Amino acid sequence: MAVETLPELLEGLNEPQRAAVTFGDGALLILAGPGSGKTRVITHRVAYLVRERRVAPWRLLAVTFTNKAAKEMRARSAALLGEDAGSLAMGTFHALCARWLRIDGHTIGLDRNFTIYDADDQERLMKRTLDDLRMDPKKHSPRAILSQISHAKNEMLSREGYAARIQTYDQEVVARVWARYEELMRSSSAVDFDDLLLKTVQMFAQSEEAIEKYAGRYQYVLVDEFQDTNPVQYQIAHALAAGFVGAGSEPERRIDAAGRRLGYRNIAVVGDPDQSIYSWRAADIRNIANFEADFPGREVVLLEQNYRSTAPILMAAESVIDRNPYRTPRRLWTARPGGDMITGYEAYNDEEEGEFVANEVRRLANAGRKLSAIAVLYRTNAMSRPIEDALVRHRIPYRLIGGVRFYQRREVKDLIAYLRLIHNRLDEASLLRVLNVPGRGVGKTTVARLREWAASMQLGTWDACEAVAGGRLDTGITGRSAAGVREFVIAINALRAKRELPLTMLLDDLLMATGYLRYLREGEPDAAEDRVESIDQLRAVMIQYSDIAGDVSDLAQFLNDVALVADVDEVEGGANAVTLITLHNAKGLEYPVVFMVGLEEGVLPHIRSFDDPKQMEEERRLAYVGITRAEDLLYLTRSYRRFMMGGTMANPPSRFLLDIPKEVVRPWGSTTPGLRAGSYAEAVAIAPPQEDLPEIEAEYGPGQLVRHVKFGVGIVVSARANGGDVEYQVTFEAAGVKRLLQSYARLAPA
């Protein structure tokens with residue numbers, strides 16, 4: 001039932017939450033610790049503006065980062081506002097930008113029916129780009145080039161801007177490839193995820209009509225997870241609130257052609273710099289400082305009361321994050337009484353670590369804990385294997401988050417490609433994916449001839465296919481190849497005529513017209529059942545979509561939504577199974593019971609951070625995020641030996657583990673608190689004893705960071721006698737485990 005009065009709206013909020021909810025006009029920075037109720041604050045502020053300030057719902061914009069978070073935000077707003085929530089503008093940056101570009105992208109020359117390319121589509125197109133430029137993909141990695149282009153776009157660099165900064169040969173290659181890649185994207189009427197953001201900024205910067213429309217429409221802007229914004233996303237939020245693109249603040253609001261003020265400067269951003277863990281996605285923690293500079297006089301509200309975790313868990317989290325420099329002073333606290341101590345466990349190897357997790361999960365389940373309440377968190381996906389093996393041995397069901405996602409399965413991508421081609425025949429990536437799927441005799445030679453003809457005529461590959469189907473193309477494409485192309489064109493055109501059908505009917509007609517099910521059953525009989533089940537799941541998604549949208553098909557919107565699905569959006573409740581998930585993917589989630597495994601130097605913190613203080617700070621934030629996912633019980637585990645990088649490594653305990661006060665940690669099997677080691681020096685004692693060293697003294701001990709002239713920075717695992725010399729076993733990130741004699745190694749402190 002919707003709230004009607006201000007006391008109802010503010011009921012249950014603490015004082016800082018109330019201050020944030022009832023803040024008036026201007027800029028507001030809400031620094032919200034984990035579990036402090038930030039989503040509640042955002043939705044209650046939306047309701048406050050609508051109910052008490054009489055702001056029309058369509059003049060409010062709330063932005064978040066995942067479809068899951070946007071769905072939760074909308075549901076909570078609906079509970080507070082009732083029907084008024086229906087006209088709120090809420091969604092992810094990418095979804096909102098896609099919508100605006102489809103409406104007004106023509107102002108910068110963008111086709112309204114553009115296709116959104118995912119990472120797989122981009123890689124296929126990049127391989128074609130390299131082929132066109134006669135570049136060897138083994139020498140010039142498609143993924144590496146795409147990564148550099150993505151990084152440039154997220155730094156708001158256009159292709160021309162990037163080219164102007166070239167300093168190395170590799171950068172010159174990227175600029176040259178980017179030019180051709182952009183041509184192919186344009187000819188396919190396609191954009192990638194980075195384009196959705198960058199082209200929106202360009203639209204706001206170049207089109208007075210667009211900036212006047214959107215900055216004039218949204219009187220209040222709210223941004224969730226602000227610490228995760230990259231420079232482009234920050235500029236979008238800034239433009240909508242300030243009425244112009246660019247840094248800095250204007251003393252006067254801009255005036256549009258109708259005399260209306262632009263840029264209401266009413267913006268509230270919610271974030272936690274201590275949870276900024278996505279620099280590899282171009283998230284820029286400096287945006288918080290930029291916000292303070294661009295909106296002088298902004299108010300700051302600290303949300304420090306935690307409603308999720310027990311006091312021992314919060315004490316551990318604070319002890320880890322406190323060591324990061326330049327933090328905004330804050331202290332999480334909870335009103336929850338008591339709380340179990342953290343359990344620490346030290347295994348000999350990762351197999352034993354996995355066995356401990358499985359045994360403890362079984363014990364918890366027997367004591368009444370649901371498996372769905374338990375999560376195992378780790379630094380990298382590769383670390384899940386020994387956990388999975390142990391759970392399988394114990395017949396404990398689990399969900400692996402971050403494996404092959406549903407929309408990345410081959411059969412699903414094939415059918416989505418067909419649907420995209422039905423929607424947009426210019427979609428080159430989709431056409432090339434399914435032109436010979438199922439097999440029609442259209443091999444690589446035929447595809448090359450089609451593309452050559454299309455390039456010579458300055459047309460797309462689809463035009464070449466139609467020319468073959470109509471008998472108008474004389475390039476030696478005859479017989480079975482020509483018949484296959486003709487069959488393909490006839491099928492797509494027939495399906496295009498049915499694209500207004502309900503989605504499930506269109507899918508069934510597609511399967512019939514292409515013979516795709518027969519292709520699966522005859523081509524891969526052993527895997528056919530699983531692949532057909534995937535198609536059934538796709539149909540189920542369409543049915544759910546139809547339940548929301550009605551019986552009328554909206555193919556364009558369906559494809560748009562599918563393209564915007566993120567990994568974390570697939571973390572759904574329902575199955576009673578243990579969740580296995582990386583620390584990065586776990587952000588924003590919470591579980592009553594959490595196992596954090598692999599708390600070792602070189603793992604968490606990752607070895608890549610040893611040479612970079614900024615990366616080490618982010619690793620510390622990552623550990624903080626992991627600890628604060630736990631509500632009731634937290635297990636912190638490490639193993640002396642772990643299989644990594646193709647070999648077995650022996651790493652000392654993580655510095656983060658050793659930062660935690662001994663009084664809140666109970667070693668497994670002990671009834672008294674306290675880790676067996678409370679400092680780096682004591683931690684070495686955990687490792688098995690080393691062989692007696694010769695009279696020559698070892699310069700470096702286990703756990704010490706060293707630098708090798710060839711292998712870079714590594715961790716000393718052991719030092720032992722070897723024929724009158726000292727032999728070190730050292731773990732290097734790139735080179736793996738090396739055995740080095742002290743007299744020849746020329747090691748230096750790192």
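Quick note: numbers below take in every heavy atom, side chains included, and nothing from hydrogens, waters or symmetry partners. In this text the structure is predicted, and so the values were computed from the model without any measurement.
Nearest heavy-atom pair across L88 and S77 is CD1-CB, 3.8 Å. Minimum heavy-atom separation, M203 to A210: CG-CB, 3.6 Å. Among all heavy-atom pairs drawn from Y516 and R410, the shortest one is OH-O, 4.3 Å. Pairing each heavy atom of T66 with each of T92, the nearest pair is C-CG2, 3.4 Å. The two residues E411 and S534 make their nearest non-hydrogen contact at OE2-OG, 2.8 Å. What you find for F193 and A563 is that their closest heavy atoms are CZ-O, 2.6 Å.
A donor-acceptor pair is defined here as one N or O able to donate and one able to accept, closer than 3.5 Å; no such pair exists between the side chain of S207 and the backbone of F204. Using a distance-only test at 3.5 Å, with no hydrogens or angles considered, no donor-acceptor pair links the side chain of D131 to the main chain of R128. A distance-only check finds a donor-acceptor pair linking the side chain of N154 to the backbone of S150 [under 3.5 Å]. Counting only distance, with no hydrogens or angles, the side chain of Y278 and the backbone of H584 share a donor-acceptor pair below 3.5 Å. The backbone N or O of A69 lies less than 3.5 Å from no partner atom in the side chain of E72, so there is not a single donor-acceptor pair. Counting only distance, with no hydrogens or angles, the side chain of N436 and the backbone of G443 share no donor-acceptor pair below 3.5 Å. At distances below 3.5 Å, at least one donor-acceptor pair connects side-chain atoms of Q171 with backbone N or O atoms of Q167. A donor-acceptor contact shorter than 3.5 Å is absent between the side chain of S430 and the backbone of L421. Under the 3.5 Å distance criterion, the side-chain polar atoms of R425 are left unmatched by any main-chain donor or acceptor of R496. Although no hydrogens or angles enter the test, the distance criterion places no donor-acceptor pair under 3.5 Å between the side chain of R180 and the main chain of T129.
Within the 4.5 Å cutoff, no side-chain heavy atoms of V270 are placed close to those of E225. Using a 4.5 Å heavy-atom cutoff, the side chains of F114 and R102 are in contact. Residues L419 and F558 are in side-chain contact: their nearest non-hydrogen atoms beyond the backbone lie under 4.5 Å apart. Looking at D427 and S189, their side chains never come closer than 4.5 Å, going by heavy atoms from C-beta outward. At least one side-chain heavy atom of F93 sits under 4.5 Å from a side-chain heavy atom of L197. Between V177 and H140, the closest side-chain pair of non-hydrogen atoms is not below 4.5 Å. Within the 4.5 Å cutoff, the side chain of W453 has heavy atoms near those of the L459 side chain. The closest side-chain heavy-atom distance from S188 to T115 is not below 4.5 Å.
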- Task: Determine, stepwise, if the pair E209 / K213 fulfils salt bridge (charged side-chain N to carboxylate O under 4.0 Å, His left out).
- Result: CA-CA 6 Å; E209 174 189 345; K213 176 178 179 178; over 6 Å; no
- Take N290 and N287, measure what side chain to side chain donor-acceptor pair (under 3.5 Å) needs, and give me the verdict at the end. CA-CA 5 Å; N290 294 336; N287 283 342; 3.3 Å; yes
- Step by step, work out the side chain to side chain contact (heavy atoms under 4.5 Å, CB included) result for F226 and Y234. CA-CA 9 Å; F226 187 66; Y234 177 77; 3.6 Å; yes
- Message: Set out, in order, the CA-CA distance, both residues' side-chain angles and the distance that settles salt bridge (charged side-chain N to carboxylate O under 4.0 Å, His left out) for R433 and D120, then state yes or no.
- Response: CA-CA 10 Å; R433 180 181 183 93; D120 188 51; 3.1 Å; yes
- Task: Could you please spell out the steps behind the salt bridge (charged side-chain N to carboxylate O under 4.0 Å, His left out) verdict for R124 and D118?
- Result: CA-CA 10 Å; R124 286 172 179 269; D118 65 12; over 6 Å; no
- Go through V221 and N266 one step at a time and tell me if the side chain to side chain contact (heavy atoms under 4.5 Å, CB included) criterion holds. CA-CA 6 Å; V221 176; N266 297 326; over 6 Å; no
- Item | CA sep, side-chain torsions, deciding dist, call: Y117, E428, side chain to side chain contact (heavy atoms under 4.5 Å, CB included) | CA-CA 10 Å; Y117 275 12; E428 190 89 349; 4.1 Å; yes
- Item | Pair C465-L450, side chain to side chain contact (heavy atoms under 4.5 Å, CB included): steps then yes or no | CA-CA 7 Å; C465 290; L450 289 168; 4.1 Å; yes
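Ion pairing between D192 and K153 holds under the 4.0 Å rule for side-chain N and carboxylate O. The existence of a salt bridge linking R99 and D104 is excluded, since no basic side-chain nitrogen approaches an acidic carboxylate oxygen closer than 4.0 Å.
Here CG of L101 is found 9.5 Å from CG of D195. Values are rounded to the nearest 0.5 Å. We find the CG-CD1 distance between L559 and I422 to be 9.0 Å, quoted to the nearest 0.5 Å. Distance CG/N493 to CD/E466: 5.5 Å, rounded to 0.5 Å. Going from atom CZ of R134 over to atom CG of D136 covers 13.5 Å, rounded to the nearest 0.5 Å. Note that the CG atom of D224 and the CD1 atom of I42 stand 3.5 Å from one another [nearest 0.5 Å]. Rounding to the nearest 0.5 angstrom, the gap separating the CG atom in L503 from the CG atom in L507 is 9.0 Å.
A cation-pi arrangement is absent between R440 and F488 under the rule of less than 6.0 angstrom and at most 45 degrees off the ring axis.
Environment of NE2 in H151: sparse, with no more than 12 heavy atoms of neighbouring residues, nucleotides or ligands closer than 6.0 Å. Within 6.0 Å of CD in E160 there are more than 12 heavy atoms belonging to other residues, nucleotides or ligands. Within 6.0 Å of CZ in R112 there are more than 12 heavy atoms belonging to other residues, nucleotides or ligands. Within 6.0 Å of CZ in R286 there are 12 or fewer heavy atoms belonging to other residues, nucleotides or ligands.
Between F291 and H238, the gap from one ring centroid to the other reaches at least 6.0 Å.
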